[in-house]
Amino acid sequence: MKDIISILIVLLFFSSCNKAEKKETVSKKPNILFIVVDDLGYADLSVMGSKYYETPNIDGLAKSGTIFTNGYAACAVCSPSRASLLNGQFTARHGLTQYEGAKFGQAWRKLNRHTKLLPPEYKHHLSHDDITLPEVLKENGYATFFAGKWHLGNAEDKSLPTDHGFDINQGGYEKGGPYSGGYFSPFNNPNMTDYPEEKGMSLSMKLAKETSNFIKAKKDSTFLAYLSFYAVHSPIQTTKEKWNKYRNKADSIGIHEKGFAMERVLPARKYQDNPVYAGLIEQVDEAVGSVLKTLKEQNLDKNTIIVFTSDNGGVTSGDNYSTNQLDLRGGKGYQWEGGVRVPYFVYIPWMNQEGQQIEVPVSGVDLYPTLLDLANIPQNPKHTIDGVSLKPLLEGNTIASRPLFWHYPHYGNQGGEPSSIIREGDWKLIYYWENNDVELYNLHNDLVETKDVSIENPELTSKMKDKLLTWLQEMGTQYAEVDPLWDESAWKQKLKSNKDKLMPRLEKQRKLMLSPDWKPNEDWWGSEGFRGLILN
């Protein structure tokens with residue numbers, strides 16, 4: 001009898017120890033890995049439907065977590081959307097409505113776009129009045145790290161990552177692309193050190209390496225690692241090996257004779273068949289895989305929340321005319337779904353998600369409150385947040401229905417028009433500032449946005465339009481104005497030139513890139529200097 005009692009005491013002791021140990025694990029605030037890919041389109045991943053691009057590491061992450069099939073960026077271009085990720089506000093509220101460096105007002109005429117409107121001025125850096133996500137996390141004991149594209153201000157404005165809550169900045173400055181050194185080392189980035197042994201390394205892997213180094217250094221702390229890729233922004237570059245792989249794949253699928261069709265303003269790519277872009281996407285996937293490997297090797301994968309998204313849609317027009325969004329119309333810069341709907345994944349290691357798909361429309365502004373909620377950190381009452389926590393959805397519950405808003409009173413480099421948008425349920429209304437026209441789409445019935453049903457639904461159209469314009473007025477936002485010097489004939493000539501001259505040039509470039517003997521330069525943008533590097 002005494003032996004039995006002794007055994008029970010021992011079992012109870014170990015049971016209480018195990019409970020205490022489990023409680024300690026759960027009570028520790030989670031680490032956060034926040035991944036943003038630049039210009040990655042909704043359909044630019046195999047897990048999202050692409051039959052051309054190959055992204056096994058990102059696919060695995062998505063299938064382990066939650067896929068928000070109606071996940072949106074807060075803007076169709078980068079800087080506004082990136083600001084919204086960090087401050088949880090719609091663009092009309094925070095005022096950074098255009099990418100940093102874009103011309104506005106009368107200076108816009110110097111670009112010879114011949115548009116009807118002059119775009120308004122906008123805030124040129126992330127506001128110092130904002131209480132950003134990293135600032136809140138830092139106040140709650142998090143070590144904070146930023147790597148990659150910033151494009152939300154410069155040193156002169158005291159608006160670099162380290163001015164907005166990040167302890168460390170690797171590579172973030174005012175530029176929107178890897179213009180100084182391209183996608184292969186040396187990168188010539190003023191906020192990132194090039195090392196001789198990295199010669200020929202891809203920029204994506206360099207950013208992954210720096211992120212992994214931070215994770216290892218802070219493995220015994222609680223951290224936010226914000227990995228913000230420059231890829232897959234133009235100028236697109238990849239290695240000879242990856243180009244060859246995807247050129248051959250395009251050939252095996254079948255290369256179409258014509259690769260472009262006119263949208264309203266610019267030609268748009270009709271197919272996913274760009275082998276350089278495909279290789280650049282694969283390089284991002286490899287970089288993501290290396291960071292995920294680091295988390296696992298450091299035994300951090302069970303307590304690290306991972307967010308994966310893009311700042312806007314993929315580039316179908318303008319820039320490098322890189323991709324096509326399959327069932328979605330338009331791409332980066334456009335007011336249609338291809339411009340704002342993006343990959344949107346959230347992985348919570350202690351939840352049984354297994355690739356659940358949620359159709360509720362969500363926005364980049366929701367990630368700020370969601371991460372605070374998951375970390376059990378209260379929002380700062382001094383900072384207004386437009387987003388809502390998605391934790392209830394992740395747990396299988398619901399959130400209150402609400403409208404989503406977009407405000408982009410500018411002309412996109414990719415052919416988009418000055419417009420504002422409201423989405424409620426399946427309905428999406430676009431308000432155009434050139435002529436005060438509207439388009440209404442039912443996205444459940446018409447995801448491609450080919451049939452404007454505003455005339456058939458006058459009451460709904462009026463209600464949604466009034467709600468949108470009232471909200472914009474409450475935000476006190478800026479609007480484009482009619483250019484008194486506008487020459488309609490010059491505008492029509494510009495459109496004709498885009499069709500008659502630009503599109504044939506694009507077709508020629510596409511055929512060259514898909515030809516077996518194509519070579520961009522002698523060393524493939526410097527990638528042939530790469531001889532491999534062990535990251536972990």
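Note that R269 lies outside the cation-pi zone of Y321, set by a 6.0 Å cut-off to the ring centre and a 45° limit from the axis.
Results of the side chain to side chain contact (heavy atoms under 4.5 Å, CB included) test with I306 over N31, L295, V346 single out L295 as the only residue that passes. Among Q325, R341, E439, the single residue meeting the side chain to side chain contact (heavy atoms under 4.5 Å, CB included) criterion with W336 is E439.
Among residue pairs with one or both ends in residues 73-93, those qualifying as salt bridge (charged side-chain N to carboxylate O under 4.0 Å, His left out) are D38-R82, R82-D311, R93-D386; sequence neighbours excluded. Applying the salt bridge (charged side-chain N to carboxylate O under 4.0 Å, His left out) test to residues at least two apart or on different chains, none of the pairs has a partner in residues 177-189.
Looking at residues two or more places apart in sequence or on another chain, you find no side chain to side chain donor-acceptor pair (under 3.5 Å) involving T309. Under the rule for a side chain to side chain contact (heavy atoms under 4.5 Å, CB included), the partners of Q478 that lie at least two apart in sequence or sit in another chain are P120. Remark: A490 pairs with H114, D487 by the side chain to side chain contact (heavy atoms under 4.5 Å, CB included) rule, at least two apart or across chains. With sequence neighbours excluded, no residue forms a side chain to side chain donor-acceptor pair (under 3.5 Å) with H233. Under the rule for a salt bridge (Lys or Arg N to Asp or Glu O under 4.0 Å), K218 has no partner lying at least two apart in sequence or in another chain. Not counting sequence neighbours, the partners of T132 by the side chain to side chain donor-acceptor pair (under 3.5 Å) test are E135. In this structure S389 satisfies the side chain to side chain contact (heavy atoms under 4.5 Å, CB included) test together with T370, D373, K391, P392, sequence neighbours excluded. Shown here are the side chain to side chain contact (heavy atoms under 4.5 Å, CB included) partners of P186, two or more places apart in sequence or in another chain: N188, D194. Partners of F229 under the ring pair (Phe, Tyr, Trp, His ring centres under 6.0 Å) rule, at least two apart in sequence or in another chain, do not exist in this structure.
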Show me the donor-acceptor pairs, under 3.5 Å and distance only, between side chains in residues 161-173 and residues at least two apart or in other chains.
residue, atom, partner, partner atom, Å
D163, OD2, S159, N, 3.2
D163, OD2, L160, N, 2.8
H164, NE2, S159, OG, 2.9
D167, OD1, K138, NZ, 2.9
D167, OD2, T144, N, 2.9
D167, OD2, T144, OG1, 3.3
N169, OD1, G172, N, 2.9
N169, ND2, G172, O, 2.9
Y173, OH, S180, OG, 3.4

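Salt bridge E337/R329: absent, no basic N to carboxylate O contact under 4.0 Å.
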